[in-house]
Peer 1: 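Below is a structure I'd like to ask you about.
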Amino acid sequence: MVAAAAAFGKAGHGVNFQVTVLKILVSYPDGFAVMADLKRDMAILATSGREWADRTRRVAARVPDLDLFSQGLVERLNGGWRITDKGRVVLDLMEAKPVEPQAELGAPAEIPASEKATPRLLASMKVARSRRLQRRRAAREKARTKA
């Protein structure tokens with residue numbers, strides 16, 4: 001995965017890859033994911049459809065020079081990666097909606113369909129999170145019985 005991050009860092013898809021890594025890490029408790037979980041979540045999102053790729057492309061366009069490790073947005077720990085506070089701030093800035101004057105005051109802003117989470121994507125993320133939590137519980141229980 002580290003080699004993939006380095007390879008993608010120079011290519012056009014690299015920033016999309018890095019945005020995806022930030023989005024995955026921020027969804028975990030304490031922002032930490034072991035490599036197996038990170039790879040699995042990347043695979044789920046990569047196969048979730050065009051909406052995800054389009055969304056990450058739009059978000060990534062706001063920070064074209066994004067580099068997770070050299071900018072201190074992600075750190076490597078204990079067989080996994082953790083998003084830093086700086087990484088959370090950068091992600092928030094990238095995802096912030098630009099302020100645009102509305103043609104009509106009082107008219108509700110409509111969220112484009114491409115910005116809405118698809119039910120399939122939400123369901124797959126929910127299942128993945130549930131499995132992660134089950135594995136963590138099992139690992140904690142196993143550690144307790146060995147202690």
Peer 1: Just jot down the salt bridge (Lys or Arg N to Asp or Glu O under 4.0 Å) partners of Arg140, sequence neighbours excluded, or say none.
Peer 2: none
Peer 1: When hydrophobic residues are tied together by side-chain contacts of less than 4.5 Å, even through go-betweens, does Val89 share a cluster with Ile83?
Peer 2: no
Peer 1: Would you say that Leu68 contacts Val21 through its side chain, given a criterion of any heavy-atom pair below 4.5 Å between the two side chains?
Peer 2: yes
Peer 1: Taking only residues two or more places apart in sequence or in another chain, which ones pass side-chain contact (heavy atoms from CB on, under 4.5 Å) with Arg82?
Peer 2: Phe32, Glu75, Leu77
Peer 1: CG/Leu73 to CG/Asp85 distance, rounded to the nearest 0.5 angstrom?
Peer 2: 11.5 Å
Peer 1: What's the separation between atom OG1 in Thr20 and atom CD1 in Ile44, rounded to the nearest 0.5 Å?
Peer 2: 12.5 Å
Peer 1: Roughly how far apart are Leu25 CG and Thr84 OG1, rounded to 0.5 Å?
Peer 2: 10.0 Å
Peer 1: Just verifying a value: how many Å separate Asp41 CG and Ser48 OG, rounded to the nearest 0.5 Å?
Peer 2: 11.5 Å
Peer 1: Suppose we screen for side-chain hydrogen bond (donor to acceptor under 3.5 Å, both in side chains). Which residues come up paired with Glu141, at least two apart in sequence or across chains?
Peer 2: Arg144
Peer 1: Arg88: which residues meet the salt bridge (Lys or Arg N to Asp or Glu O under 4.0 Å) condition with it, sequence neighbours left out?
Peer 2: none
Peer 1: May I ask you to test the Val19-Met94 pair for a side-chain heavy-atom distance under 4.5 Å?
Peer 2: yes
Peer 1: Whether the side chain of Gln71 engages the backbone of Asp65 through a donor-acceptor N/O pair (distance < 3.5 Å, no angle test) should be reported.
Peer 2: yes
Peer 1: Side-chain heavy atoms nearer than 4.5 Å, only ILVMFWY residues, links allowed to pass through others: does that put Ile24 and Leu93 together?
Peer 2: no
Peer 1: Residues in side-chain contact (heavy atoms from CB on, under 4.5 Å) with Glu95, at least two apart?
Peer 2: Lys23, Arg55, Val59, Leu91
Peer 1: Between Trp81 and Phe69, is the ring centroid distance below 6.0 Å?
Peer 2: yes
Peer 1: By side-chain hydrogen bond (donor to acceptor under 3.5 Å, both in side chains), which residues pair with Arg135, not counting sequence neighbours?
Peer 2: Asp37
Peer 1: Do Val34 and Leu45 land in one hydrophobic cluster if side-chain heavy atoms of ILVMFWY residues count as linked below 4.5 Å?
Peer 2: no
